[in-house]
Amino acid sequence: MYEDSWYSFVPDHSHKRSPSIPQTGTGHRRRASLLQQPNGDNQPDAVEPLEKLLEEPDTPIGPPEPTLTRRAKSYSDFYHVVRAQLSKDKKRRKKTRERNLDALMVEKPEAALRSRKLPQLTSPDNELLEASQNEYLLYRDQLKMTERHLDRLITDANGALGLLTSLADSFRDVDTRTSLFKAQCDDLLSEERRLQKLADEVGTDLHYYEYLDGVTRRLNAPGASRLVHHEDFGEILINLDACITFMVQHPDYRDAESYLARYQSLLTKALHLLEVGFTNHLNRISAEVSKQIAATQSESARHALAYGRSEEMMLEADGLIANVQRVIRSCYDQLGRPIPGQSFDYYVNTAVNIFSSYSDLRDRDLRPITQHDLEVFKKETKEVNVETACRNFIKQCYERSFNEANLFAKIFSIEPQYNADTQSAYSSLKSQQKALVNPANVAPIALTLQPVLQSSELQTICNLLGWITNEYLLLEYDEEETQYSIHCHDVTIRLLVEHLWPFTDNCFEAEVTKSISKAPISPEHLKIMPVVNGVASSNAYPITKRALELLVMYDQSMPKERSQQSSPVVFRIVNETILALQRVEAQLKSTKAANPDPDPDLFMIKNLLILKNGLVSLEIGDVRAQPAAMQHFGQIWDALSPQNWLGLFRGVLGGSLSLGLWSSTAIITTVPNNNGNTNNGGGNPLRNRSQVQQMALEQDANEKLDELLRQSIYAFTQRWGTLLIGAARGGSRRGGGDGGTERELDEKLTTAFGGQPEVVAKLKEAIQINAQAQKEVKAERGRG
């Protein structure tokens, strides 16, 4: 059934193979031990197996190791094959146990017991006792052996601990010695640093003395003027400044005053060399550019030569310009504000001289351009109109000022802003008045405009100022700020504040004197005429009309902040108008007629109300060409408090009050103080009240206007109340009424306040109140 070789398989143990050579047999064989020697000739003697310990070895748990078994030739031989296989497995397990004991390399306890010679006992009891104690004796021997081993471990541990202790003591000793050594080294290093610092200080201080000879030779050399074109000149200035500062800070050093004076002298010489070099450089540029500007008539070519070519030639000497900028920035910051320092005066004097040389050069080179602009301006004033010519001239000057500012910033590396400090760059440039316009010199614009505006109408001046304010001071909400708009804003402020606003105020003062203060009283204008087209001011006195016109013009030409906050011009207009109206009132009352025409009180009420209404309109910024008739009369009338007139008239007519108490100044003098008492000023109440009233009237034109308006209304209502009572008494005797007097009153009020029914109603109400008060006073006197 199978081959015979399969049945007769016998393992070949005669030939041993090297463990490194893999086996190619088909059967599963055990791998040779790695501890086996490669050559079998010098094999050491086999180690005797250890005797079994008393403890029972662990029996391996698991299936037996797989082996290749022979296949029985027939079923009858199966019994023998199984038996042989079981015997092989038993031998293999035994070898495995013996191999585990080999790792211990200790002698088996059973062998030790067998080899031990026990004393021969003479009796069987001793033998039995010996046999029963074998196990305990074995454990005793094992415990002794363990004790010896542990004693040895304790001895070794104590020895190691002693060694570690000695090492720790040694380390502590070394640490102490190294700490002392480190402290000594630190002391030596500190001393070295101190000596090094002292040496550096001595060397540094000595440098400030040794530098004098070298810099003196360099600045006094024949070619010293060429130093200003190199960077070394900047280092010389820095070193000289440092030496001066050192000598000032150490006045107790040897020869400090002498060295300070010599260093200051050298700094002055160096700055003078720079100033001379920059002036020579400007003169070389001017010799070329000025001739070309004078030779051409093209505005674009002149502009290119004045700014493009001039800038290019000036910046060619980069070393000189850099040294000039270093000197300028030593005394000014980016905005031209002064920077205090030890050598500030020396640098400022040089900077002022450099600015002066530069301004003279630019004014001389651009004189043909400025002359041409003046000629064009004079021609436009004659051929076009003054306002248009002024606008064009201002625009042209602003453009040139912007170009000059850019060129100045590139050359000197600063942008001077307005500064009231006399040592600032702005003040230095402003003191050098030239014909050329620049950010600090706007006087040429004003000097050109003022002679032309002086002979023009006041309305033209106001229109021009209003245009300048709206064009350059007030930006639209969607308009972006640019460098040009910011520059124009700053220049406009200087032009208006320093020149045009004072000039305009003087023009208004002259016009007020001419048309109001010295205006003659014409009889044909005294009579109150009917209102025209419902305009309340149409029948006002001419002086009042002119005052309103001046107030409107001034408000349109000035910003609200200037026209509404204690403006001297507005005060002058109102005050002079009041004085003029008082003169007219005095002339009307001088006739002493029973029923004068026009009524002086009604004349004052009419004109003062119109003037007051105009002031209120301007204060809220609501100025219209044709405003609503007396739209603020209700506010004015409420301020007069007519609700209390009945009691007031009754007191006045009864003799207990005086007219002077019916005023705002009288109210001021009777205000309760913190203690609840009225403050009459102490002393004489009437005298104090009169003084306060006079001071208030002199300081506030509005207060004066309100005071006169109250007095006129009271006088008018009192006189007409008396006329109505008299007419009513005479009509009752005749069996008629007072219709004639009332019709006359209606005619006068309608003529003066046509189209203003609220004014007529208020005045009639006041008259009726006054008349009722007079009746009650007379009735009380009759009962008394």
Side-chain angles (χ1 to χ4, degrees), residues 225-226 228-229 233 271-296 298-329 331-332 336 347-374 396-416 424-445 447 487 491:
S225 59
R226 293 192 296 270
V228 298
H229 294 274
F233 185 80
L271 295 176
H272 178 70
L273 291 176
L274 180 64
E275 180 183 341
V276 172
F278 183 72
T279 303
N280 294 334
H281 181 61
L282 293 178
N283 291 332
R284 286 193 297 270
I285 297 173
S286 177
E288 179 180 349
V289 174
S290 61
K291 294 180 181 179
Q292 296 179 0
I293 292 177
T296 183
S298 173
E299 293 185 4
S300 59
R302 285 183 172 181
H303 183 273
L305 290 171
Y307 298 103
R309 180 57 180 165
S310 297
E311 176 184 348
E312 181 182 356
M313 295 181 67
M314 286 183 183
L315 297 181
E316 284 179 354
D318 52 352
L320 176 63
I321 297 301
N323 291 325
V324 170
Q325 292 177 358
R326 183 177 288 105
V327 170
I328 299 300
R329 294 304 297 271
C331 54
Y332 299 123
Y347 286 113
V348 164
N349 292 333
T350 303
V352 171
N353 294 334
I354 289 175
F355 291 160
S356 178
S357 301
Y358 176 79
S359 300
D360 293 339
L361 172 83
R362 297 297 296 171
D363 184 69
R364 184 172 63 251
D365 293 346
L366 273 66
R367 183 152 308 167
I369 300 178
T370 56
Q371 291 293 338
H372 178 264
D373 294 342
L374 291 176
Q396 205 166 26
C397 290
Y398 280 7
E399 292 177 0
R400 182 158 295 108
S401 175
F402 180 70
N403 295 328
E404 288 293 327
N406 290 336
L407 182 60
F408 186 90
K410 293 179 180 178
I411 296 175
F412 299 107
S413 185
I414 62 172
E415 299 177 3
S424 63
Y426 179 86
S427 299
S428 300
L429 294 173
K430 185 179 179 181
S431 62
Q432 302 168 7
Q433 297 294 335
K434 308 294 180 182
L436 181 64
V437 178
N438 57 55
N441 184 29
V442 297
I445 304 177
L447 295 176
H487 175 81
V491 174

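Sequence positions, counted from 1, serve as the residue numbers for this chain. Quantities reported herein were computed from a predicted structural model and do not represent experimental measurements.
In terms of the side-chain hydrogen bond (donor to acceptor under 3.5 Å, both in side chains) criterion, H372 has no residue partners (sequence neighbours excluded). Every side-chain hydrogen bond (donor to acceptor under 3.5 Å, both in side chains) that Q396 has, sequence neighbours left out, goes to D373. Listed by chain and residue number, H303 satisfy the side-chain hydrogen bond (donor to acceptor under 3.5 Å, both in side chains) test with N403 (two or more places apart in sequence, or in another chain). For E311, the salt bridge (charged side-chain N to carboxylate O under 4.0 Å, His left out) test picks out K410, with sequence neighbours left out. Looking at residues two or more places apart in sequence or on another chain, you find no salt bridge (charged side-chain N to carboxylate O under 4.0 Å, His left out) involving E275.
For E299, the CD atom is loosely surrounded, since the number of other residues' heavy atoms within 6.0 Å does not exceed 12. Within 6.0 Å of the CZ atom in R364, the count of heavy atoms belonging to other residues, nucleotides or ligands exceeds 12.
A donor-acceptor contact closer than 3.5 angstrom links the side chains of S298 and S300.
Remark: the backbone N or O of S424 is paired with a side-chain donor or acceptor of S428 at under 3.5 angstrom. Under a 3.5 Å cut-off, the side chain of E415 and the backbone N or O of G336 do not form any donor-acceptor pair.
Between I445 and Y398 there is a side-chain heavy-atom pair separated by less than 4.5 Å. Residues L436 and N441 are not in side-chain contact: their nearest non-hydrogen atoms beyond the backbone lie 4.5 Å or more apart. Between D360 and K434, some side-chain heavy-atom pair lies under the 4.5 Å cut-off. Considering only heavy atoms from C-beta on, F408 stays 4.5 Å or farther from P439 through its side chain. Residues L282 and M314 have side chains in contact (heavy-atom distance under 4.5 Å, counting atoms from C-beta outward). Between V437 and E404, the closest side-chain pair of non-hydrogen atoms is not below 4.5 Å. Contact of the L407 side chain with the Y358 side chain is registered, since non-hydrogen atoms from C-beta on lie closer than 4.5 Å.
Summarising the geometry, atom CD1 belonging to I414 is positioned 6.0 Å from atom CD1 belonging to I328; distances are rounded to the nearest 0.5 Å. Atoms OG and CG, on S359 and N438 in that order, are 6.5 Å from each other to the nearest 0.5 Å. Taken to the nearest 0.5 Å, the CZ atom of R326 stands 9.5 Å off from the OH atom of Y347. Atom CD in Q325 sits 10.0 Å away from atom CG in L320 (nearest 0.5 Å).
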Donor-acceptor pairs under 3.5 Å, side chain of residues 284-293 to any protein atom, not counting sequence neighbours: which ones?
{"from": "S286", "atom 1": "OG", "to": "D365", "atom 2": "OD1", "distance (Å)": "2.6"}
{"from": "E288", "atom 1": "OE2", "to": "R309", "atom 2": "NH2", "distance (Å)": "3.3"}
{"from": "S290", "atom 1": "OG", "to": "S286", "atom 2": "O", "distance (Å)": "2.4"}

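Remark: aromatic rings of Y332 and Y426 are distant, center separation not under 6.0 Å. Checked against a 6.0 Å centroid threshold, the rings of F412 and F355 count as neighbours.
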Begin from the C-alpha positions of R302 and L366 and carry the test side chain to side chain contact (heavy atoms under 4.5 Å, CB included) through to its verdict. CA-CA 9 Å; R302 285 183 172 181; L366 273 66; over 6 Å; no
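With N323 as the fixed residue, the side chain to side chain contact (heavy atoms under 4.5 Å, CB included) test singles out one of D318, L273, L274: L274.
Closest approach of S413 to R329, counting heavy atoms only: O-NH1, 3.4 Å.
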